[in-house]
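Okay, structure first, notes after.
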Amino acid sequence: MEQRSTQERIWRFLRRYNRYIKVGIISLIALIIATLPTGIFGIDGLNPIQQRVIAIFVWAACMWIVEAVPAWTTSLLIIVIMLLTVSDSAITPLISGYDKADLMSYKTIMNTFANPTVMLFMGGFILALVASKSGVDVSMARAMLKPFGSKPSVLLFGFMLVTAVFSMFVSNTATAAMMLTFLAPVLRQLPHTEKGTAAFALAIPIGANIGGLATPIGTPPNGIALQYINGDLGLGIDFGEWMMIMTPLMLVVLILSWVLLRISYPFTAKKVNMHIMGGAKNGWRTYVIYGTLAVTILLWMFEKVTGINSYVVALFPIGVFAITRIIKSSDLKDIDWACLWMVAGGFALGEGMSKTGLADNLVQAIPFDSWPAIIVLIGGGLICWLLSQFISNSAATALMVPIMVAVGKGIEGPLGDYGGIGTLLVGIAMAASFAMSLPISTPPNAIAYSTGLIKTKQMFTTGMIVGVLALVLGYALIITLGRMGYFG
């Protein structure tokens, strides 16, 4: 009896302090990695600063995977730890005696939060915030769903398509929550035995996850990949070009998903009626919002015509809404700052590998050139897809992209047959959006699952089938475009 009581106390202790124990173990592993002799790593030219970057990378990966703290906290701490340990403004005893050329500029690390891609997402968040605050999003959803009538199977596709369109420009989490609210009156009209109820509930996360693929601001993985493609690689894929590639793919995947849901969960009801209450009020502010939204999207799509890049365009709606007082200082707290820190932390990791010379040393130390390019291309996407089933797709992309850049440089010749590193990174971003098999895979999945309308098995089966189909179609598309030199 006493032994059982002792075991129970131990288990209670472990459950209570589980988070702290995880952080402690992971930090200890990172500390050991940072203090080992550099020769153990087998990387020629590795210096202690680069070794610390490896330790920070391992620490971040483990923290993101076990989720000992929120993902954005890990990203924020990446920046703080790098500033204190590998920058030219680090703690003095940690950098004394080292060549300044081996250290990172503290400005480079801090600039990751002011990165143009972060500003791009900021503009998208402001647009979403204003649309939600004013009721414009509700008015748009009502107008967009109206043409789909009252037949359940057709309305199902309407919900998928409208959810996807909103997710192109608005947070997929906010979109899923909004669309499930609109779905409630539809579901109340269906009998309890209606199999199609599950189809409606699954349609929302599928539309939200797939829709984000279509624009650079639709989901953070797109922005992370584009930062490297347009920054480090200088390939210059703009907002409109990304949409031209990904929007047709998104639509094809949506149609296939709709067919799958209709077959898996056939409807018995013949008719349902849509009732969406609320919306935007008439007035000059509403017209300013509609006009600004339209102008911003057009400027994003026709970047090459106007000469204004998408990062600069992202600040346009912020300026308009601020000067017209459509947004106030109190509204800024509603911006998704966690997402912005998540993206910035990923950039900081990449800068650490690049600016310290670690990436170059890895390329020289590991025989990447002996690896088949097609295996690297598809294998990288599969790994990201699997990781994204269990951890944030932003975290998975932030981990994978710097590694795949180094790998891509090592097989640049063979990879050139498929479009080069650009194809590799587009594949990583694309694969992250297709991970939707579990309630924990994405916030839209979690929100849909919380309704109680779908079971884990239903979500897993549908998510796996859609994910695999989307990966096959997606890689067929980008490999074809890569061979045509689109990403080169």
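- Contact detail for Leu425 and Ala225: the closest heavy-atom pair is O-CB, 3.7 Å.
- Counting only heavy atoms from C-beta outward, the side chains of Phe125 and Asp334 never approach each other to under 4.5 Å.
- For Lys133 against Ile327, the heavy-atom pair with the smallest separation is NZ-CA, 4.3 Å.
- Judged by distance alone, the side chains of Glu351 and Thr108 never bring a donor and an acceptor atom under 3.5 Å apart.
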(request) Start with the C-alpha distance between Trp64 and Leu387, add both sets of side-chain angles, then the distance that settles side-chain contact (heavy atoms from CB on, under 4.5 Å), and finish with yes or no. (result) CA-CA 10 Å; Trp64 275 329; Leu387 270 177; over 6 Å; no
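- Between Trp72 atom CH2 and Leu340 atom CG the span is 11.5 Å, to the nearest 0.5 Å.
- Not a single donor-acceptor pair under 3.5 Å links the side chain of Asn209 to the backbone N or O of Phe434.
- Heavy-atom contacts from other residues, nucleotides or ligands closer than 6.0 Å to NZ of Lys107 number 12 or fewer.
- More than 12 heavy atoms of other residues, nucleotides or ligands lie within 6.0 Å of CZ in Phe113, so this atom counts as buried by the packing criterion.
- Looking only at side-chain heavy atoms (C-beta outward), Thr117 and Leu226 stay at 4.5 Å or farther from each other.
- A donor-acceptor contact shorter than 3.5 Å is absent between the side chain of Thr74 and the backbone of Ala60.
- Looking at heavy atoms from C-beta onward, Lys355 lies out of side-chain contact with Leu103 at the 4.5 angstrom threshold.
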(message) With side-chain contact (heavy atoms from CB on, under 4.5 Å) as the criterion, how do Met122 and Tyr311 come out once you've worked through the C-alpha distance, each side chain's angles and the decisive distance to 0.1 Å?
(response) CA-CA 10 Å; Met122 181 86 78; Tyr311 308 110; over 6 Å; no
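- Between the Asn172 side chain and the Gly218 main chain, no donor and acceptor come within less than 3.5 Å of each other.
- Closest non-hydrogen pair, Ala176 versus Ile447, comes out as CB-CD1, 4.5 Å.
- Summarising the geometry, atom CD1 belonging to Ile289 is positioned 8.0 Å from atom OG1 belonging to Thr324; distances are rounded to the nearest 0.5 Å.
- Lys22 places no side-chain N or O within 3.5 Å of a backbone atom of Arg19 that could act as its donor or acceptor partner.
- At distances below 3.5 Å, not a single donor-acceptor pair connects side-chain atoms of Ser167 with backbone N or O atoms of Ala164.
- For the 3.5 Å distance criterion, the side chains of Thr442 and Asn445 qualify, holding a donor opposite an acceptor.
- Listed for the Glu241 side chain is a donor-acceptor partner under 3.5 Å among the backbone atoms of Asp238.
- Considering only heavy atoms from C-beta on, Tyr475 comes within 4.5 Å of Leu377 through its side chain.
- Taking both residues in full, the closest heavy atoms of Phe182 and Ala141 are given as CE1-CB, 3.4 Å, listed atom of the first, atom of the second, then distance.
- Between Ile245 and Met430 there is no side-chain heavy-atom pair separated by less than 4.5 Å.
- A side chain to side chain contact (heavy atoms under 4.5 Å, CB included) with Trp341 is found for exactly one of Thr73, Ile79, Val118, Leu77, namely Ile79.
- In this structure, CG in Asp336 is found 11.0 Å from CG in Leu129, a value given to the nearest 0.5 Å.
- Summarising the local packing, CE of Met110 is surrounded by 12 or fewer heavy atoms from other residues, nucleotides or ligands at distances under 6.0 Å.
- Under the 4.5 Å side-chain criterion, counting only non-hydrogen atoms from C-beta, Tyr418 is not in contact with Leu424.
- For the residue pair Trp59/Ser27, the side-chain donor-acceptor check at 3.5 Å is satisfied.
- Aromatic ring pairs are classed by plane angle as parallel below 30°, tilted from 30° to 60° and perpendicular above 60°; the pair Phe169 and Trp300 is parallel.
- Taking the side chain as every heavy atom from C-beta outward, Leu127 and Val170 never approach each other to under 4.5 Å.
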(request) In sequence, state the C-alpha distance, the side-chain angles, and the governing distance for Met404 and Val376, and then conclude on side-chain contact (heavy atoms from CB on, under 4.5 Å). (result) CA-CA 9 Å; Met404 298 316 292; Val376 172; 3.7 Å; yes
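- Checked options Ile217, Asn309, Ile297, Val313; the residue passing with Phe239 is Ile217 (criterion: side chain to side chain contact (heavy atoms under 4.5 Å, CB included)).
- Taking the side chain as every heavy atom from C-beta outward, Val136 and Val130 never approach each other to under 4.5 Å.
- From Met246, atom CE reaches atom CG of Leu251 across 13.0 Å, with rounding to the nearest 0.5 Å.
- Once rounded to the nearest 0.5 Å, the distance linking CE of Met436 with OG of Ser388 reads 10.5 Å.
- Distance check, rounded to the nearest 0.5 Å: CD1 of Ile335 to CD1 of Ile318 gives 7.0 Å.
- Judged purely by atom type and a 3.5 angstrom limit, Thr215 uses its side chain to pair as donor or acceptor with the backbone of Met168.
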(message) If you apply the rule side-chain contact (heavy atoms from CB on, under 4.5 Å), what do you find for Ser310 with Trp242, and how did you get there?
(response) CA-CA 11 Å; Ser310 56; Trp242 181 278; over 6 Å; no
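- Counting non-hydrogen atoms of other residues, nucleotides and ligands closer than 6.0 Å to OH of Tyr106 gives a total of 12 or fewer.
- In terms of modelled atom types and a separation under 3.5 Å, the side chain of Thr292 and the main chain of Val288 share a donor-acceptor contact.
- When all heavy atoms are compared, the tightest approach of Leu120 to Ala314 is CA-CB, 3.6 Å.
- Crowding of Lys455 atom NZ: a count of heavy atoms from other residues, nucleotides or ligands under 6.0 Å not exceeding 12.
- In this structure a side-chain-to-backbone donor-acceptor pair under 3.5 Å is present from Thr462 to Gln458.
- Between Thr397 and Cys384, the shortest heavy-atom contact is OG1-SG, 4.2 Å.
- The backbone N or O of Ser153 sits less than 3.5 Å from a side-chain atom of Trp258, completing a donor-acceptor pair.
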